[in-house]
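Read through the structure below, which is laid out as structure tokens, and then see the notes.
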Amino acid sequence: MPLCTSLTLYLLSLVFLGETRGDSGFAPLDGAPPSKIAVVGAGIGGTATAHFLRQHFGPEVRIDVFERKAVGGRLATVTVNQQDYESGGSIIHSLNLHMQDFVKQLGLKYRKSVAGKTAVFNGKEFILEETDWYLLDLFRLWWRYGISFIRLQMWVEEIMEKFMRIYKYQAHGYAFSSVEELLHSLGGTGFLNMTHRSLSESLLELGVSQRFIDEVIAPIMRVNYGQNISIPAFVGAVSLAGAQANLWAVEGGNKLVCSGLLKLAKANFIQAQVTTISLHLKGESHQYELSYTTQTDKVSDFYDIVVIATPLQQNVNSGISFQGFEPQLPDIAGFYHQTVASIVHGYMNCSYFGFPDPKLFPFASVLTTDTPGLFFNSAASACPVNITAGFRRKQPQEAGVYKVFSPKPLEKNELKTLFKSYYSVQVTDWQAYPHYGSTQELPPVTLHDSLYYLNGIEWAGSAMEMSSVAAKNIALLAYHRWNRQLEMIDQKDLMHKIKTEL
Ligand SMILES: Cc1cc2nc3c(=O)[nH]c(=O)nc-3n(C[C@H](O)[C@H](O)[C@H](O)COP(=O)(O)OP(=O)(O)OC[C@H]3O[C@@H](n4cnc5c(N)ncnc54)[C@H](O)[C@@H]3O)c2cc1C
């Protein structure tokens, strides 16, 4: 064979090998399944990943799930008077189909919702108050803001309708190699642009009035994401969907979904802090060595596939370092936003809100406008995670349990402003969700051939369902790459494809 031809063949084979190894996630050429998979983090993202990995890779593969603190992560409860209250992620939309499906498969129950009125406070007075009469509320909205609320409703519904396509794509087994590809498949460049453009800009363009944005939208962004109306339009829409009426939660606490999924996945749970992930060459392929610290030991083990299901931004401090990767793994930019949840057992100071007689204070939730110096984002009467048949909200003249969200831990004088007196305060200081605007980039899904990162999706929108969607996507992506089914990844025009597949 002439030298140039053999050289060409050799180069071609390198290109070919490089492509199949690189793009397939390093499946061995004999088609053997992976023997061990690691998932770092047992929040809803990590536990849902374990569940979906089990569905796709089957019963033989060992799935180890590492957790350094408590199963549930940002789904957590605190106890007051022998009752538990959600201190992290609490509400779920009725169209969040993965969460619904988990609850069904696990035999969990929906928690009853307890009616309660909402008002918006600007630091001096209530500027918007919900009444007992729906038609009166609608009339007041129209009087104050024109048809802004109808425009907004239509906008959110259109986005949700497009977002729902993900369930069809995932049911048909399609996966995406990046958050950008996923969003593009759902809503084209429109969705991608919404991750960069501010919510206020998008809404103004839609014809929503500035007054409506300041008095209604801003308070919703403050309670859901602790941030203002400059957050990107896509996460803004996620937040607005979370302000609709058809919401639910899990009876007994949302974190039950995480412990349930671990069991359903028959995952091997390891209570440990993962400290290092190193790349090791193993003949033609390679493996990842995870070093981790348990309460008593320092241990390490090798894995074919690793999924990181915890934020890697510096201020979240996952404590994971990466070794042996050449070139080095990309830095994950941005930082997480601090939101403090204070669960207070006491008597609300209704005088502060202009109601000297607490018996006349009619609101269960107080949202706030973006007023300089206002020290809290929201304050609401909290319902326990178990609601018995005779349950009723405490009246403001009675001692009740309240959840206050604030950007910093509440000072004593701030607590005294909101509460006449209190028995207990339990503080959870969260690095809660991305600080939107701290980076323009959507983090990668694939950090290295078979090393995946789940939490990049939070930069499009942070919610239990978003982590669940990312979990299903990573399980599918890892499976298809391992089995070289590249035609199932990043396919264009999926709506059309799926229709013709039926
Ligand atoms: C106050 C608050 C209110 C919210 N409200 C809502 C809401 O109403 N509805 C909604 O849908 N969403 C809400 N969210 C967002 C939602 O809770 C999150 O998007 C979701 O829970 C994220 O889940 P996750 O599994 O991706 O991450 P996490 O829950 O953060 O899980 C990551 C896990 O990894 C563990 N970990 C980290 N590093 C390591 C390591 N090195 N080794 C081992 N383990 C490690 C952590 O301890 C943690 O348990 C809220 C969040 C907060 C904080």
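Residue indices begin at 1 and follow the sequence shown. When a ligand or atom number is given, it counts from 1 through the structure's own listing order. All of these numbers come straight from a predicted model, not from anything done at the bench.
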To atom 41 (N) of ligand 1, the nearest of Pro311, Ser468, Ser318 on a heavy-atom basis is Ser318
Establish, for the pair Lys117 and Phe363, whether the NZ or CZ atom is under 6.0 angstrom from the six-membered ring centre and no further than 45 degrees off its axis. no
Check the pair Arg62, Asp301 against salt bridge (charged side-chain N to carboxylate O under 4.0 Å, His left out), reporting the backbone distance first and the verdict last. CA-CA 12 Å; Arg62 188 173 112 195; Asp301 207 344; 3.1 Å; yes
Relative to the ring of Phe57, is the ring of Trp482 parallel (under 30°), tilted (30 to 60°) or perpendicular (over 60°)? perpendicular
Would you check if there is a donor-acceptor pair between the side chains of Gln170 and His98 at a distance under 3.5 Å? yes
How far is atom 27 (O) of ligand 1 from the closest protein heavy atom, and which atom is that? Arg74 NH2, 3.1 Å
Note the single closest protein heavy atom to atom 31 (O) of ligand 1, along with its residue, its atom name and the distance in Å. Gly43 CA, 3.6 Å
Where the closest heavy atom to atom 46 (C) of ligand 1 is concerned, which of Lys69, Gln271, Glu67 has it? Glu67
N/O of Gln273 under 3.5 Å from N/O of ligand 1, yes or no? yes
May I ask you to check whether Ser35 and Asp304 show a side-chain donor-acceptor distance below 3.5 Å? yes
For atom 37 (C) of ligand 1, closest protein heavy-atom neighbour: Thr310 OG1, 3.1 Å
Tell me the protein heavy atom at minimum distance from atom 19 (O) of ligand 1, and give that distance in Å. Ser462 OG, 3.1 Å
Give a yes or no on whether the ring-centroid distance for Phe353 and Phe126 is below 6.0 angstrom. yes
Among Val39, Val274, Ile44, the residue with a heavy atom nearest to atom 20 (C) of ligand 1 is Ile44
Ring-ring centroid check Tyr433 Tyr225, cutoff 6.0 Å: yes
With atoms numbered from 1 as shown, which atoms in ligand 1 lie under 4.0 angstrom from a non-hydrogen atom of Gly72? 29 (O)
Below 4.0 Å, non-hydrogen atoms only: which portion of Val40 touches ligand 1? Side chain, backbone, both or neither. side chain
So is Leu75 close enough to ligand 1, meaning a heavy atom under 4.0 angstrom away? yes
If you take the nearest heavy atom of each of Ala341, Gly89, Gly226, which one is closest to atom 50 (C) of ligand 1? Gly89
Heavy atom of the protein closest to atom 9 (N) of ligand 1 (residue, atom name, distance): Ile91 O, 2.8 Å
NZ or CZ of Lys416 within 45° of Tyr422 ring axis and under 6.0 Å: yes
Ile387 and Cys383: which non-hydrogen atoms are nearest, and at how many Å? CD1-CB, 3.9 Å
Checking the N or O distance criterion of under 3.5 Å, is ligand 1 in contact with Ser467? yes
Sub-3.5 Å N/O-N/O distance, Ser90 and ligand 1: yes
Taking only non-hydrogen atoms of Gly45 and a 4.0 Å limit, the atoms of ligand 1 in range are 24 (P), 25 (O)
Using a 3.5 Å cut-off on N or O atoms only, is Met464 in polar contact with ligand 1? yes
Quick check on contacts: which atoms of ligand 1 are under 4.0 angstrom from a heavy atom of Phe66? 43 (C), 44 (N)
Can you list the atoms of ligand 1 that are under 4.0 Å from a heavy atom of Ile320? 41 (N)
Just to confirm my output: which protein heavy-atom neighbour is closest to atom 45 (C) of ligand 1, and how far is it? Arg68 CG, 3.6 Å
Ala272 heavy atom under 4.0 Å from ligand 1: yes
Within 4.0 Å of some non-hydrogen atom of Gly41, the atoms of ligand 1 are 33 (C), 34 (O), 35 (C)
Under 4.0 Å from a heavy atom of Ala432: give me the atoms of ligand 1 that qualify, with their elements. 53 (C)
Per-residue contact class, Asn455 against ligand 1 - non-hydrogen pairs under 4.0 Å: side chain
Taking only heavy atoms of Gly73 into account, list the atoms of ligand 1 that are under 4.0 Å away from them. 29 (O), 48 (C), 49 (O)
If we only count N/O pairs under 3.5 Å, is Phe405 in contact with ligand 1? no
Plane angle bin for Phe52 and Phe102 - parallel if under 30°, tilted between 30 and 60°, otherwise perpendicular: tilted
Out of Tyr292, Tyr225, Tyr336, Trp430, the nearest non-hydrogen contact to atom 1 (C) of ligand 1 is supplied by Trp430
Applying the ring pair (Phe, Tyr, Trp, His ring centres under 6.0 Å) criterion to Phe325, which one of His280, His286, His448 satisfies it? His448
Verify whether the ring centers belonging to Phe66 and Tyr292 lie closer than 6.0 Å. yes
Salt bridge or not for Lys36 and Asp64, using N-O below 4.0 Å? no
Should one rank Ala309, Gly319, Ala42, Ser321 by closest heavy-atom distance to atom 32 (C) of ligand 1, which comes out on top? Ala309
Run Val71 and Leu262 through side chain to side chain contact (heavy atoms under 4.5 Å, CB included) and show every step you take. CA-CA 9 Å; Val71 171; Leu262 277 179; 4.0 Å; yes
Assert yes or no for the condition that the ring centre distance of Phe121 to Tyr352 is strictly below 6.0 Å. yes
Does this structure show an ion pair linking Glu458 with Arg74, if we count only N-O contacts that are shorter than 4.0 Å? yes
For Ser87, counting its heavy atoms only, list the atoms of ligand 1 lying under 4.0 Å from any of them. 1 (C)
Are there over 12 heavy-atom neighbours, none belonging to Glu129, within less than 6.0 Å of that residue's CD? yes
